[in-house]
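Keep in mind that this is a model prediction, so the values were computed, not measured. One is the number of the first residue; the rest follow in order along the sequence.
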Amino acid sequence: PMSSAQAFSDVASDAWFAPYVEALTEAGVFKAQSNFRPADNMNRAEFVKTLVQAAGVNTSGAADAGFDDVSSSDWFADHVNAAVESGIINGSSTSSMFRPGDNITRAEAVKIALNAFGVTASDYSTPAAAFSDDNGHWAEDMISAAYNLSIVDGVGGSTTSFAPNAPISRSAVAKISAYAIIVSEEPDSYVRFDDGSSAFSVFEDDEIVQQVSALVVTSDDSSSDDSSDDSSDDSSDDSSDDSSDDSSDDSSDDEAVVIS
């Protein structure tokens with residue numbers, strides 16, 4: 001039978017990101033709709049929705065977070081409000097603007113992923129990751145924690161460059177989200193091996209799909225998906241550490257993220 005990933009015309013069965021896309025589609029986080037657009041960047045609204053969905057956060061009844069650029073009628077409003085209420089992102093006391101259409105950066109994506117799944121960065125930030133471009137960055141400890149827990153790697157597999165302020169691709173978002181879901185159950189079991197290799201290096205693709213599908217319980221109130229891209233690594237950074245990117249698309253009220 002055709003896998004969920006193969007439902008997307010632009011996700012080859014042997015693509016490195018295929019198992020992550022399949023896992024999140026099977027789990028109901030992504031909704032298959034023709035194209036996944038793996039190389040596209042993900043924006044903040046899309047990323048936030050993706051992580052809220054993946055973490056099973058209930059989006060009904062969340063108080064208005066008070067962002068001037070988030071209207072109650074926006075497809076991502078309930079997810080942003082729920083993310084603030086649950087502590088996944090910061091509220092408007094930090095800034096009156098959420099910037100939903102801005103690309104989410106890799107650093108922002110890491111912070112939101114750790115927050116969404118309740119991983120305390122300080123517990124896993126030592127030793128510091130050997131990236132030369134995150135020294136002194138506001139997310140340095142979070143990046144080290146995510147790296148040590150096998151959730152992220154350097155850009156293109158690099159061991160020296162993370163590119164924290166660069167935008168994240170949808171394919172990278174799929175990988176980070178899938179790994180964060182699995183790691184959150186028992187973080188100590190996913191600390192990198194002594195040789196620096198990822199704890200996931202011994203996983204078969206079907207193990208990732210099965211574990212994600214078993215762990216994700218999507219909320220039944222998710223408000224809508226939209227036509228934008230929902231998954232990607234983090235795309236652009238900003239000085240705030242609250243960002244996220246929701247990946248769903250628009251006015252429909254399907255609980256999965258629409259990928260079109």
Residues passing the side-chain hydrogen bond (donor to acceptor under 3.5 Å, both in side chains) test with D194, sequence neighbours excluded, are none
When the ring planes of [X] and [Y] are compared, do they come out parallel, tilted or perpendicular, using 30° and 60° as the limits?
| X | Y | result |
| --- | --- | --- |
| Y147 | F131 | perpendicular |
| F67 | F98 | tilted |
| F17 | F36 | parallel |

Do S158 and T160 pair up side chain to side chain, a donor and an acceptor below 3.5 Å, judged on atom types alone? yes
Applying side-chain hydrogen bond (donor to acceptor under 3.5 Å, both in side chains), which residue pairs with at least one partner in residues 203-212 are found, sequence neighbours left out? none
Are F30 and V209 joined in one hydrophobic group, where the rule is that I, L, V, M, F, W and Y side chains link up if heavy atoms are under 4.5 Å apart? no
Going hydrophobic residue to hydrophobic residue with side-chain gaps under 4.5 angstrom, can you get from I151 over to V155? no
Donor-acceptor check, side chain of D69 to backbone of M97, threshold 3.5 angstrom: yes or no? no
Does N81 reach the main-chain N or O of A65 with its side chain, forming a donor-acceptor pair under 3.5 Å? yes
Among pairs that include at least one residue of residues 126-137, which meet salt bridge (Lys or Arg N to Asp or Glu O under 4.0 Å), considering only residues two or more places apart or in two chains? none
Please round to the nearest 0.5 Å and tell me the distance separating atom OH of Y179 and atom CG of D153. 7.5 Å
